[in-house]
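The chain is numbered in sequence order, starting from 1.
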Amino acid sequence: MKIQKGCESVRHNSSPDLWSGRTDHTERRSSFRYHQIVELIDWKKLSPFNKKTCAIIGFECEEGVRRNQGRLGAAKAPNAIRQALASLPWKLQEGTRLIDAGNVSCENNQLEEAQKALGNTVFNILSNAATPIILGGGHETLYGHYLGVRKHIGKDASLGIINIDAHFDLRSYEEHPSSGTMFKQILEQDSNSDYFVLGIQRFGNTQELFDTADNLGACYIYEEDMHDGQMDAIISKINEFIQKHDYILLTLCTDVLNAAFAPGVSAPSPFGLTPMAVRTLIRTVASHQKTLSFDICEVNPSLDENGRTVKLGAYLTNEAIMAFLGGHHDDTRT
């Protein structure tokens, strides 16, 4: 464990106890599950990877949710999602790796310092040729995620941010940043970033937020316009957005899902997307060669019913990992 110099954010390694589950065979890789594949690595000893690698990093933080007057509990999600991932079958053969680089924790309400620490970790993972898979935390996780990506690609590269979310998160940050301000922070401070939101709730955002989105040039698609019969057109719009940028960052706020499927979130909605629709979106974006990283946010184990949201979060995280590493037949990554 190490305390970051000049801040209260704690960095620590993941526990092997989180990665346990059924073992069907101890040697035959085609029978392996996540807990048999994952490698726990000391985050201080990251080195370049010579295989296609995804690196999990947790962000134990809900300070942004607290500041945004949301329901607390998301800080427990990183380890809960790990436990749910552990028993999932590993569908990839030799030539891929999954590592767990531990957690960044927000201590003493020091959100901004914790986001910087997460950004440094994301940068280190990308610099060592691995794909960051970030387990939030509140959606304030995204800002730390962004800091690491931007540091890696440089200030002049064009970055497209794709957010699967019911909310814009474009609130004012004049008083303080929160889980509802990140994208306004980015768009006002970074002229080489663009923003595309999938799943916006018409009555989940004030008119002021819609006006802010329009003024900042954000692209968005309403939840009500994202039915199965329209997915081909939506995927076409996603690909058009991707082609305009050098790099893509993908973030998922689980409150975009219908509350019937995901009750354990900070802001559940009786409307929202189905897991199948979100899975399609994740596969589409994460399988693209321009996409650098993924985060999942706002899973709240303390508000969950029978672990349904945690399990769904693990399944959607698995979809991202499989897409990044080439585990889908429609993979477009090189």
* To do: Apply ring pair (Phe, Tyr, Trp, His ring centres under 6.0 Å) to Phe168 and Tyr195, showing your working.
  => CA-CA 10 Å; Phe168 284 116; Tyr195 183 37; 7.2 Å; no

* Asp194 and Lys244: salt bridge (Lys or Arg N to Asp or Glu O under 4.0 Å), yes or no, with the steps? -> CA-CA 10 Å; Asp194 285 324; Lys244 294 177 182 178; over 6 Å; no

* Evaluation steps, side-chain contact (heavy atoms from CB on, under 4.5 Å), between Leu135 and Ile296 -> CA-CA 5 Å; Leu135 309 178; Ile296 178 170; 3.8 Å; yes

* Working for salt bridge (Lys or Arg N to Asp or Glu O under 4.0 Å), residues Glu62 and Arg66 -> CA-CA 6 Å; Glu62 56 188 24; Arg66 186 190 67 79; over 6 Å; no

* Is there a side-chain contact (heavy atoms from CB on, under 4.5 Å) between Leu88 and Arg33 once you walk through the steps? -> CA-CA 5 Å; Leu88 290 185; Arg33 299 175 186 270; over 6 Å; no

* Kindly indicate, with the supporting measurements, whether the criterion side-chain hydrogen bond (donor to acceptor under 3.5 Å, both in side chains) is fulfilled by Thr251 and His145. => CA-CA 9 Å; Thr251 177; His145 179 181; 5.5 Å; no

* **Test ring pair (Phe, Tyr, Trp, His ring centres under 6.0 Å) applied to Trp90 and Phe32, step by step** => CA-CA 6 Å; Trp90 182 257; Phe32 281 5; over 10 Å; no

* Show your reasoning for whether side-chain contact (heavy atoms from CB on, under 4.5 Å) applies to Ile125 and Thr131. => CA-CA 7 Å; Ile125 289 169; Thr131 299; over 6 Å; no

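Residues Leu249 and Leu292 form no side-chain contact, since every pair of their non-hydrogen atoms from C-beta on lies 4.5 Å or further apart. A 4.5 Å side-chain heavy-atom check between Asn205 and Ile200 finds at least one atom pair inside the cut-off. Under the 4.5 Å side-chain criterion, counting only non-hydrogen atoms from C-beta, Leu303 is not in contact with Pro263.
With Tyr247 as the aromatic partner, Lys290 does not meet the cation-pi criteria of under 6.0 angstrom to the ring centre and within 45 degrees of the ring axis.
Of the possible polar contacts, none joining the His176 side chain to the Tyr173 backbone as a donor-acceptor pair under 3.5 Å is found.
Taking 4.0 Å as the cut-off between side-chain N and carboxylate O, Arg82 and Asp100 count as a salt-bridged pair. In summary, Asp24 and Arg22 engage in a salt bridge, as defined by a charged side-chain N under 4.0 Å from a carboxylate O. With salt bridges taken as basic N to acidic carboxylate O contacts below 4.0 Å, none links Lys116 and Glu112.
Of the N and O atoms on the side chains of His35 and Ser87, not one donor lies less than 3.5 Å from an acceptor on the other residue. Judged by distance alone, the side chains of Arg28 and Ser31 do bring a donor and an acceptor atom under 3.5 Å apart.
Closest approach of Phe49 to Ile99, counting heavy atoms only: CZ-CD1, 3.3 Å. When all heavy atoms of Arg71 and Val65 are compared, the pair lying nearest together is O-CG1, 3.5 Å. Closest non-hydrogen pair, Phe196 versus Ile238, comes out as CE2-CA, 3.9 Å. Scanning both residues, Ala80 and Pro301, for their nearest heavy atoms gives CB-CG, 3.9 Å. Here the closest heavy-atom approach between residue Leu257 and residue Ala262 is recorded as CB-CB, 3.8 Å. The two residues Tyr146 and Ser193 make their nearest non-hydrogen contact at CE1-OG, 3.9 Å.
Partners of His139 according to the ring pair (Phe, Tyr, Trp, His ring centres under 6.0 Å) rule, which considers only residues two or more places apart in sequence or in another chain, are Phe183.
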